Amino acid sequence: MTAYDQVVSVDQGRRTANGDEAMSGYGESMASDRNQGRDSRSGRGGALRWAAGILGFALLAIAATPAHAETIRSRQWHLTAMNAEQIWGLSKGEGVTVALIDTGVKAVPELAGRLVGGKDFPGADTAKDKTLGTIPASVIAGTGKGPGGVESAFGLAPGAKVMPLNITDGYTGKGSLADQVDAVAEGLAPALRYAADSPAKIISISISLPTTEGSVEVDDAVRYALSKGKLIFASVGSADYTDEPSVEYPATLPGVVGVGAIDKKLKRVKQTAVGPELDVVSPGTEIISACSGGTGLCTSKGPHVATALAAATAALVWAEHPDWTRNQVLRALLNTINGPEGGEVRNDYLGYGALRPLRALKTPGDPGKADEFPMPDLRDASPTPPPAPSTSAVPPAPTPSEAAVDVAASTDGGHSPGFWIALGVSAAGLLCVAVGTPLLVAERRRTAPS
């Protein structure tokens with residue numbers, strides 16, 4: 001049994017001397033990845049940046065070096081930590097489809113038989129990189145079989161399906177933050193409605209937008225998807241200009257599960273967003289997966305991969321309990337979450353804590369009422385929009401989530417030995433400060449030969 005699945009006291013994350021939230025007892029001597037590649041989608045709680053030109057994601061990816069003596073699977077530390085082989089003996093996510101909202105997914109060998117449907121939405125053809133979704137799709141449902149059937153990287157739910165819903169990454173050729181936010185919203189709203197009317201049970205949103213006002217169309221589309229029983233995960237975003245950026249839109253909306261990232265040592269990944277809208281955390285650093293270029297393997301960092309793992313966790317549980325509703329699946333995840341130390345229900349650095357897919361499968365606890373959302377933010381807002389796009393005002397900001405689950409938090413040094421979770425989705429945005437003003441721009445992936 002790894003530290004990930006050890007029973008831990010439910011308490012809240014302590015703050016270390018440098019302000020990071022952490023949990024002790026987890027990051028013991030995992031073999032370091034020999035890849036020099038990195039996929040860092042950083043974003044911001046107030047502006048996405050351009051360092052290479054993208055929005056809602058800040059991904060820097062360099063192709064991974066092929067494994068030799070060690071297997072690729074053995075280098076996927078997050079799967080080892082979560083006891084993936086034990087999980088797969090119980091569920092692989094069969095029968096569950098995740099609608100992945102990103103810029104596009106390349107049909108790499110690791111995703112053979114895992115991609116279904118898919119559709120382009122307004123602006124998708126303007127994206128700087130039309131394959132950014134390949135990494136989160138592979139983190140969710142990678143089969144472990146590369147070119148010619150050779151051993152490769154696995155996803156957490158290799159039996160699940162992924163439906164790519166493609167939108168722009170925010171690149172417009174203009175420098176205006178408002179223009180780029182509008183460009184993303186124009187595709188995001190119809191993508192959400194399409195997912196709501198599809199067979200997909202889970203929606204994973206890789207985009208995070210640096211705006212507090214959001215979009216009336218996106219707000220209505222989220223409420224519409226919730227009214228259709230969909231479970232929505234979204235990256236909380238990140239930034240490289242501050243250690244504690246605010247949670248980005250649409251993770252701020254009621255009913256959307258905002259996902260943050262933690263590292264091998266169970267510490268919050270620096271520069272990932274914090275705030276009352278952060279609900280859960282998941283592994284989000286040195287995540288090896290299939291990708292669209294180079295050697296076909298990349299190492300990724302950021303809330304986008306953490307969100308993908310969260311979505312995959314939900315797929316595992318829903319496959320095991322196909323008669324459950326969205327509310328019951330989410331309740332099971334919260335029942336079995338590993339919270340920060342300290343005694344409180346949640347904090348703004350780790351949310352309710354880290355999801356544990358193995359425990360959620362083995363001992364999910366009482367799933368609760370089929371029609372009761374287990375977090376208070378949605379109960380404080382109306383989840384039911386008109387059936388067609390609405391022009392109603394943007395709903396009020398959600399109140400801090402304090403669901404009655406067995407988790408808590410504190411504000412000093414470490415965390416309990418088994419702090420972990422898994423959710424899923426994709427991106428943050430690149431932040432660029434020009435004349436003191438952060439600008440939102442399209443993201444691009446940097447790839448170098450191994």
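Bear in mind the structure is a predicted one, so any value in this text is a computation, not a measurement.
- In this structure, V105 and L100 approach most closely via the heavy-atom pair CG2-CD2, 4.0 Å.
- Shortest non-hydrogen contact noted between L165 and A191 is CD1-O, 3.5 Å.
- Between K301 and E286 there is no salt bridge, since none of the side-chain N atoms of the basic residue sits less than 4.0 Å from a carboxylate O of the acidic one.
- Judged by distance alone, with hydrogens and angles left aside, the side-chain atoms of T336 form a donor-acceptor pair with the main-chain N or O of A332 at under 3.5 Å.
- Residue K230 places its NZ atom among more than 12 non-hydrogen atoms of other residues, nucleotides or ligands, all under 6.0 Å distant.
- The closest donor-acceptor contact from the side chain of E244 to the backbone of A273 lies at 3.5 Å or more, if one exists at all.
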Report task. Could you check T143 against E110 for side-chain hydrogen bond (donor to acceptor under 3.5 Å, both in side chains), going step by step and ending with a plain yes or no? Result -> CA-CA 5 Å; T143 63; E110 290 83 352; over 6 Å; no
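- The residue from I135, D129, T134 that alone fulfils the side-chain contact (heavy atoms from CB on, under 4.5 Å) condition with L132 is D129.
- The side-chain tip of R268 does not point at the ring of Y349 from less than 6.0 angstrom away and within 45° of straight on.
- Side-chain atoms of D263 come within 3.5 Å of backbone atoms of K265 as a donor-acceptor pair (strictly under, hydrogens ignored).
- At least one donor-acceptor pair closer than 3.5 Å links the side chain of E151 to the backbone N or O of I72.
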Query raised in the report: Given T97 and V162, is the side chain to side chain contact (heavy atoms under 4.5 Å, CB included) satisfied, shown in steps?
Result: CA-CA 6 Å; T97 297; V162 174; over 6 Å; no
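- Between Y249 and D219, the side chains place a donor N or O and an acceptor N or O closer than 3.5 Å (distance only, hydrogens not considered).
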